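Scroll down for the structure; my scribbles are underneath it.
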There are 2 protein chains.
Amino acid sequence: MRPKAGTRGPSRTRVFNAAAAEFAARGYAGANMDRIARAARLNKAMIYYHFGSKAALYRAILVDMFDDVGRRVRDVASSNASPDDKIRAFVAAIADAAAAHPHFPPIWLRELAEGGQHVDTATLTYARNVLETLAAIIHEGGAAGRFVPANPLVVHAGIVAPLMFFFVTDGIRAKLGRAGVTHVSNITRAGVVEHVQRIALAVLEGRVG
Amino acid sequence: MRPKAGTRGPSRTRVFNAAAAEFAARGYAGANMDRIARAARLNKAMIYYHFGSKAALYRAILVDMFDDVGRRVRDVASSNASPDDKIRAFVAAIADAAAAHPHFPPIWLRELAEGGQHVDTATLTYARNVLETLAAIIHEGGAAGRFVPANPLVVHAGIVAPLMFFFVTDGIRAKLGRAGVTHVSNITRAGVVEHVQRIALAVLEGRVG
DNA sequence: GTCTATAAATAGATAGAC
DNA sequence: GTCTATCTATTTATAGAC
């Protein structure tokens, strides 16, 4: 197995982490190589020494992200929990991955917004595996007579979309709170995860209509 | 040959439409003033003549977007439909606004991803009004004994997040389809809207847990 | 209102020393 | 592996003619 990004030498790791933060905050086009170099406490030439180009650097971050999510999700599917618990664990796994890689939600959201422009075949395969894993859990639950038939892509979107929204709207929720909107502060990560788990199960168990 | 849609009308409108498409496709930083000018079949100087700067042009599009969504949503709330139907109409209104302004979902999603960096006070007020309108409908349903208490922000996210995902993932869904993922083609706008309506009502009527 | 031409700044990428 | 210096292309923005 390829070593995880971040274990391959101090300067490469520093570049990787600085770049992840920069891409998350400003997007691919908005990201600036000079700023990444400064944040990594290195010079710009070192970025090109380690990664070759801005695009390659970005793709390395994408692959690292999906690699991790994929691993977590596969662990869930290969456990011998009940289908219900696997769905709960699937939701938790996505949330855990997002919490472990704070740059993940903004980067992924932007990638969606631009139609997966920077997603190469390798990255797409990782993303696809996450989806297929969920599909397998749904199928398993159907075979066990616990789930009704459901489109895996729709269920997936119903899980990922609200979670990404939650992780990404910290800043905006704070802005709304300062603008006088109530109900802002009593939204917690655990609460959102539980909410999403319940909705996913209600859908899969045919309790929504 | 007839001008392309979006290049008709007075020059200010042409700039506006071309810019909306460009910002949607490439984000604020990725958008290019030359490309906007070409798409509007005008020269770049005209953009500055009409809007002054790239940032001002972008903000004009943001305000226009939220202004329209706000109008549609207010119409829903001020009708005398039942709370259930108002929720259904609220969901449909968001989807209609997104369909009427195809640039809306990608721009909004990116804006979320960067924490509302380009959202000024005016835009925030529009966004806030949409939320308060939903809160009012929820409150009304509660007073009528039809809805259980629910956090409006959570309900709002549960509606908007999946809808935005749907509108924004056309390209990626096509990519996934070509990569062999099944269940991709039988996702329709109407189906997603109905799904989201049902989930929102299931949540508000206390049927999810 | 509309255009051409260009200034001024920025940013991705590379050369070459150490 | 790390650095400084720089090349080259791109891009926001403006000047000024018509």
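Every heavy atom of this structure was used, including side-chain atoms; hydrogens, water molecules and symmetry mates were not. From a predicted model like this one, the values you see are computed outputs, not experimental measurements. Within every chain, numbering begins at 1; the chains are lettered A, B, ... in the order of the sequence lines, protein sequences first and strands thereafter.
- Side-chain N or O atoms of A/Y28 include one that pairs as donor or acceptor with a backbone N or O of A/A55 at under 3.5 Å.
- Within 4.0 Å (heavy atoms only), A/A31 reaches sugar-phosphate atoms of the nucleic acid but no base atom.
- Not less than 6.0 angstrom separates the ring centroid of B/H103 from the ring centroid of B/F23.
- The side chain of B/L42 has C/dC3 as its nearest neighbour among C/dC3, C/dG12, D/dT12.
- Computed from coordinates, the A/L57 CG to C/dG12 C1' distance equals 12 Å when rounded to whole Å.
- Distance alone, capped at 3.5 Å, is enough to place a donor-acceptor pair between the A/K175 side chain and the B/G116 backbone.
- Ion pairing between A/R110 and A/E114 fails under the 4.0 Å rule for side-chain N and carboxylate O.
- The phosphate of D/dT12 has neither OP1 nor OP2 within less than 4.0 Å of any side-chain N or O from B/S53.
- Distances were taken from every side-chain heavy atom of A/N32 (C-beta onward) to each of D/dT12, D/dT2, C/dG12; the shortest belongs to C/dG12.
- Taking 4.0 angstrom as the limit, A/Y48 places a side-chain polar atom (N or O) nearer than this to OP1 or OP2 of C/dA13.
- For A/A45, whose side chain is taken as the heavy atoms from C-beta onward, the closest listed nucleotide among D/dT12, D/dA15, D/dT4 is D/dT4.
- Judged purely by atom type and a 3.5 angstrom limit, B/Q197 has no side-chain atom pairing as donor or acceptor with the backbone of B/I87.
- If you take CZ of B/R12 and C1' of C/dT2, they are 16 Å apart, rounded to a whole angstrom.
- Rounded to an integer number of Å, the gap from A/I36 CD1 to C/dA11 P is 11 Å.
- Atom CG of B/D34 and atom P of C/dT6 are 15 Å apart (whole Å).
- Looking at the side chain of A/M46, the nearest of the listed nucleotides C/dA13, D/dT12, D/dT2 is D/dT2.
- The distance from atom CZ of B/F23 to atom P of D/dT11 is 13 Å, rounded to the nearest whole Å.
- Using a 4.0 Å heavy-atom distance criterion, B/M33 is classed as a sugar-phosphate-only contact.
- For the pair A/K44 NZ and C/dT10 P, the computed distance is 13 Å after rounding to whole Å.
- If you check every strand for non-hydrogen atoms under 4.0 Å, B/A55 touches nothing.
- Within the 4.0 angstrom heavy-atom criterion, base atoms lie near A/N43.
- Between A/Y49 atom OH and C/dG16 atom C1' there is a gap of 15 Å when expressed in whole angstrom units.
- Here the P atom of nucleotide D/dG1 and the CZ atom of A/R14 are 12 Å apart, to the nearest Å.
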